[in-house]
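Report on the following structure.
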Amino acid sequence: MVLSIRGLPDGSLDENMFRKEVESVGKVKHWNLTVLRGYYAGAPDLRLLVDGYMPNGNLATLLQEASHQDGHVLNWPMLHLIVLGISLGLAFLHSSSMVHGDLKPQTCYLMLISKPSYPISDWKSLFRLK
């Protein structure tokens with residue numbers, strides 16, 4: 001298994017709040033969301049998130065490639081699947097009283113196994129609704 005490790009900006013959350021949020025997010029499981037595999041909270045203000053590596057890249061890369069190939073990489077059925085996958089992931093988050101907070105093409109990953117899936121990532125921007 002190949003993993004991806006990402007750091008959060010310095011001082012983004014104090015250690016206790018970071019641990020609480022990450023442990024809450026770690027329980028969220030859905031086909032259209034990346035799985036948070038682990039985290040690290042060290043001093044001083046070092047916050048790391050560990051999740052699965054997505055070798056097929058993200059939506060930003062796909063859109064950039066499509067713009068250089070006269071759109072031949074993307075067709076309407078594929079765009080529909082991408083939007084549907086992102087929407088299903090967001091709907092699940094919202095039903096769990098969470099919002100993403102920073103959805104962008106760079107945080108939508110492409111996963112093509114037996115059926116296409118477009119998991120949403122970038123847990124650093126998830127917030128629990130009060």
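Predicted model, so just to flag it, every value in this text is computed and none were measured. Count residues from 1 along the sequence.
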Test of understanding: clusters of I, L, V, M, F, W, Y form through side-chain heavy atoms closer than 4.5 Å, transitively. Do [X] and [Y] belong to the same one?
{"X": "L46", "Y": "I5", "result": "yes"}
{"X": "L49", "Y": "Y53", "result": "no"}
{"X": "L88", "Y": "V28", "result": "no"}
{"X": "Y40", "Y": "L3", "result": "yes"}
{"X": "F92", "Y": "L84", "result": "no"}

Which atom pair, heavy atoms only, marks the closest approach of [X] to [Y]?
{"X": "D102", "Y": "H100", "answer": "N-ND1, 3.1 Å"}
{"X": "L48", "Y": "F18", "answer": "O-CZ, 3.9 Å"}
{"X": "Q106", "Y": "N58", "answer": "O-ND2, 3.5 Å"}

Requested in this report: Take atom NZ of K29 as the centre, draw a 6.0 Å sphere, and report whether it contains more than 12 heavy atoms from other residues, nucleotides or ligands.
Outcome: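 Counting other residues, nucleotides and ligands, NZ of K29 exceeds 12 neighbours.
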**Report entry** CD/Q64: more than 12 non-hydrogen atoms of other groups inside 6.0 Å
**Finding:**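 Incorrect, the count does not exceed 12.
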Report task. With sequence neighbours left out, write down each residue that passes side-chain contact (heavy atoms from CB on, under 4.5 Å) with L59, or none if nothing qualifies. Result ->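 side-chain contact (heavy atoms from CB on, under 4.5 Å) list for L59, sorted by chain: L62, L63, I82, I86, P105, C108.
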**Report entry** Test item: R47 side-chain N/O and G42 main-chain N/O as donor-acceptor pair under 3.5 Å
**Finding:**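 At least one qualifying donor-acceptor pair exists.
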Report task. Would you confirm whether T107, through its side chain, and L103, through its main-chain N or O, come within 3.5 Å as a donor-acceptor pair? Result ->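 No.
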**Report entry** Qualifying residue for side-chain contact (heavy atoms from CB on, under 4.5 Å) with M98, from L33, L90, V25
**Finding:**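 Testing each of L33, L90, V25 against M98, the sole residue satisfying side-chain contact (heavy atoms from CB on, under 4.5 Å) is V25.
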Query raised in the report: With sequence neighbours left out, what residues match E15 under salt bridge (charged side-chain N to carboxylate O under 4.0 Å, His left out)?
Result: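 Salt bridge (charged side-chain N to carboxylate O under 4.0 Å, His left out) check on E15 returns R19.
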